[in-house]
Amino acid sequence: DQQVKQNSPSLSVQEGRISILNCDYTNSMFDYFLWYKKYPAEGPTFLISISSIKDKNEDGRFTVFLNKSAKHLSLHIVPSQPGDSAVYFCAASAGTNAGKSTFGDGTTLTVKP
Amino acid sequence: GAGVSQTPSNKVTEKGKYVELRCDPISGHTALYWYRQSLGQGPEFLIYFQGTGAADDSGLPNDRFFAVRPEGSVSTLKIQRTERGDSAVYLCASSLTVADTQYFGPGTRLTVL
């Protein structure tokens, strides 16, 4: 039973447009959510996070939205750049065990020049 | 400064053999995490340490897997009687405390023939 799901394995967008990556979760105990970016042959790199007490967090071109009632979060990248092409992982953890993160299977984003 | 390093970067072994994978965390980081990533999937939590002790080892798949962090710095993941299904990239991460951002190493690619 996968507790964090990224239903789109891949996404392709044009440079300058918005990229929207989606993530759904099933465990209502999750209260902290993160997005990581991963390039080939490297480990994941932290991108942005959001606590369940918020519904939006913004950092430059990256914004994460959280809809707790729908158990859904999304990552918006505006404007998208070719260097954003990578695999994006959504992850979640519960405050009672903050060290244990559950990851989705990732979405491969390709930004075309 | 130096990031998380993992050795070896690649390990090929035969079914039934014993392997050790090493992780050197960022200096001063008290928390250390091990994940396993199979092809096409996200990182799967195995275990995390707070200092020298394993705070949560619920992700270790069976008793063939064991990890240590004797001095609260370097950690070793040990796999006995390897099976072909153990083939994956093993990722290590560290963070200043459990509540802080995790920094990942590049991983060790384990192939069991």
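Residue numbering restarts at 1 for every chain, and letters A, B, ... go by the order of the sequence lines.
- Contact of the B/Leu91 side chain with the A/Pro44 side chain is registered, since non-hydrogen atoms from C-beta on lie closer than 4.5 Å.
- Scanning residues 43-54 of chain B against chain A with a 4.5 Å non-hydrogen threshold yields B/Pro43, B/Phe45, B/Tyr48, sorted by number.
- A/Phe46 and A/Leu75 end up in different hydrophobic clusters when Ile, Leu, Val, Met, Phe, Trp and Tyr side chains are linked at under 4.5 Å.
- A/Val87 and A/Phe62 sit in two unconnected hydrophobic clusters of ILVMFWY residues. Membership requires side-chain heavy atoms under 4.5 Å apart, directly or through other members.
- Chain B is approached within less than 4.5 Å, heavy atom to heavy atom, by no residue from residues 3-17 of chain A.
- With a threshold of 4.5 angstrom between heavy atoms, A/Tyr36 approaches chain B through side-chain atoms but not through N, CA, C or O.
- The hydrophobic clustering, which links ILVMFWY residues whose side-chain heavy atoms are closer than 4.5 Å, places A/Val111 and A/Trp35 together.
- The neighbour count for A/Phe65 CZ, taken as heavy atoms of other residues, nucleotides or ligands under 6.0 Å away, is above 12.
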Distance-only check: which donor-acceptor pairs under 3.5 Å involve side-chain atoms of residues 101-108 of chain B, not counting sequence neighbours?
residue  : atom : partner : partner atom : Å
B/Gln102 : OE1  : B/Tyr35 : OH           : 2.8
B/Gln102 : NE2  : B/Tyr35 : OH           : 3.4
B/Thr108 : OG1  : B/Pro8  : O            : 2.6

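- For A/Ala41, the part lying under 4.5 angstrom from a heavy atom of chain B is the backbone only.
- Partners of A/Asp24 according to the salt bridge (Lys or Arg N to Asp or Glu O under 4.0 Å) rule, which considers only residues two or more places apart in sequence or in another chain, do not exist here.
- Note on B/Leu60: it clusters hydrophobically with B/Tyr90, by side-chain heavy-atom contacts below 4.5 Å among ILVMFWY residues.
- Between B/Gly42 and A/Asp105, the shortest heavy-atom contact is N-OD1, 3.1 Å.
- Under a hydrophobic clustering in which Ile, Leu, Val, Met, Phe, Trp and Tyr are joined whenever their side-chain heavy atoms come within less than 4.5 Å, directly or via other members, A/Tyr88 and A/Leu73 fall into the same cluster.
- Note that the NZ atom of A/Lys100 and the CG atom of B/Asp57 stand 9.5 Å from one another [nearest 0.5 Å].
- Heavy-atom contacts from other residues, nucleotides or ligands closer than 6.0 Å to CG of B/Leu39 number 12 or fewer.
- The shortest non-hydrogen separation linking B/Val98 to A/Gly99 is CG1-N, 3.4 Å.
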